[in-house]
J.: 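Below you will find the structure I want to go over with you.
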Amino acid sequence: QVQLVESGGGLVQAGGSLRLSCAASGRTFSSYHMGWFRQAPGKEREFVAAISRSGGITDYADSVKGRFTISRDNAKNTVYLQMDSLKPEDTAIYYCAAKSAGWTPREAGRYDYWGQGTQVTASS
């Protein structure tokens, strides 16, 4: 069992930055691929970014590529999402997720564990 707790969300002006963190419980964090997803009001949950177990492979949605950076620190059982140049359309609840099986980063249904989410609001 893995418990995930996100933090770092908040209100920021468009063009600003936020850094989300996701802390995982347990001693097997390094055995999980990690992903970030988001859900805006009235919309479906969508993939944002993912990182492989060792951190050697990353994947980004086209909408955030070049603005967001995912990273992880396996010694601290934490995955991060650095969000720069935020836009109003980035406003959503952001969730981190963990999956133990193969590298299918964009498929939300393949993730085993989810956090409770953290709200990010970028105002225009």
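Quick caveat: nothing in here was measured; it's all calculated off a predicted structure.
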J.: I'd like to know whether CZ of Arg110 has more than 12 heavy-atom contacts from other residues, nucleotides or ligands below 6.0 angstrom.
T.: no
J.: For Ala14 versus Ser124, what's the shortest heavy-atom pair and its separation?
T.: CB-CA, 4.3 Å
J.: Hey, are the side chains of Val64 and Arg38 touching, using non-hydrogen atoms and a 4.5 Å cut-off?
T.: yes
J.: Looking at Phe29, is its backbone amide N or carbonyl O close enough to the side chain of Asn74 to form a donor-acceptor pair, meaning the two atoms are under 3.5 Å apart?
T.: no
J.: Distance from Asn77 atom CG to Gln3 atom CD, nearest 0.5 Å?
T.: 12.5 Å
J.: Take Gln119 and Thr91 through the test side chain to side chain contact (heavy atoms under 4.5 Å, CB included) and record every step on the way to the result.
T.: CA-CA 8 Å; Gln119 176 71 47; Thr91 295; 4.0 Å; yes
J.: Just by modelled atom types, is the Ser52 backbone N or O under 3.5 Å from a matching donor or acceptor in the Arg72 side chain?
T.: yes
J.: Can you confirm whether Gln1 sits close enough to Tyr113 that some side-chain heavy atom of one is under 4.5 Å from a side-chain heavy atom of the other?
T.: yes
J.: State, to 0.1 Å, how close Phe47 and Asp59 come at their nearest heavy-atom pair, and which atoms those are.
T.: CZ-O, 3.6 Å
J.: Would you check if the side chain of Tyr111 reaches a backbone N or O of Pro105 as a donor-acceptor pair within less than 3.5 Å?
T.: yes
J.: Decide if atom CD of Gln13 counts as having more than 12 heavy atoms of other residues, nucleotides or ligands within a radius under 6.0 Å.
T.: no
J.: Would you say Lys87 and Ser63 are linked by a side-chain donor-acceptor pair, where the criterion is simply a distance under 3.5 Å?
T.: no
J.: Under 6.0 Å from the CD atom of Glu89, do we count more than 12 heavy atoms belonging to anything else shown?
T.: yes
J.: For the pair Asp90 (side chain) and Ala122 (backbone), establish whether a donor and an acceptor sit closer than 3.5 Å, ignoring hydrogens and angles.
T.: no
J.: Return the CD to CZ distance between Glu46 and Arg106, rounded to the nearest 0.5 Å.
T.: 11.0 Å
J.: What about Val12 and Leu81, same hydrophobic cluster or not, with Ile/Leu/Val/Met/Phe/Trp/Tyr joined at side-chain heavy-atom distances under 4.5 Å?
T.: yes
J.: Any side-chain heavy-atom pair from Trp36 and Met83 closer than 4.5 angstrom?
T.: no
J.: Can you hop from Phe37 to Ile51 via hydrophobic side chains spaced under 4.5 Å?
T.: no
J.: Go through the steps to decide whether Tyr60 and Arg67 satisfy the test side chain to side chain contact (heavy atoms under 4.5 Å, CB included), and finish with yes or no.
T.: CA-CA 10 Å; Tyr60 296 92; Arg67 300 187 298 120; over 6 Å; no
J.: Taking Arg53 for its side chain and Ser31 for its backbone only, find out whether a donor-acceptor pair lies under 3.5 Å.
T.: yes
J.: State whether the side chain of Glu6 and the backbone N or O of Leu20 hold a donor-acceptor pair below 3.5 Å, judged by distance alone.
T.: no
J.: Does the plane of the ring in Phe68 sit parallel, tilted or perpendicular to the ring in Tyr94? Use 30° and 60° as the thresholds.
T.: tilted
J.: Membership question, hydrophobic clusters at under 4.5 Å side-chain separation (ILVMFWY): are Tyr32 and Ile70 in the same one?
T.: yes
J.: Taking all atoms of both residues into account, what is the closest heavy-atom pair of Leu4 and Ala97, and its distance?
T.: CD1-CA, 3.8 Å
J.: Rounded to the nearest 0.5 Å, how far does CD1 of Ile93 lie from OG1 of Thr118?
T.: 9.0 Å
J.: Check whether any side-chain heavy atom of Tyr80 lies under 4.5 Å from a side-chain heavy atom of Arg19, and answer yes or no.
T.: yes
J.: Mind checking the CG-CG spacing from Leu18 to Asp84? Nearest 0.5 Å is all I need.
T.: 9.5 Å
J.: For Gln39 and Ala92, indicate whether the former's side chain and the latter's backbone hold a donor-acceptor pair under 3.5 Å.
T.: no
J.: Is there a path of hydrophobic side-chain contacts, each under 4.5 Å between heavy atoms, that joins Leu86 and Tyr95?
T.: no
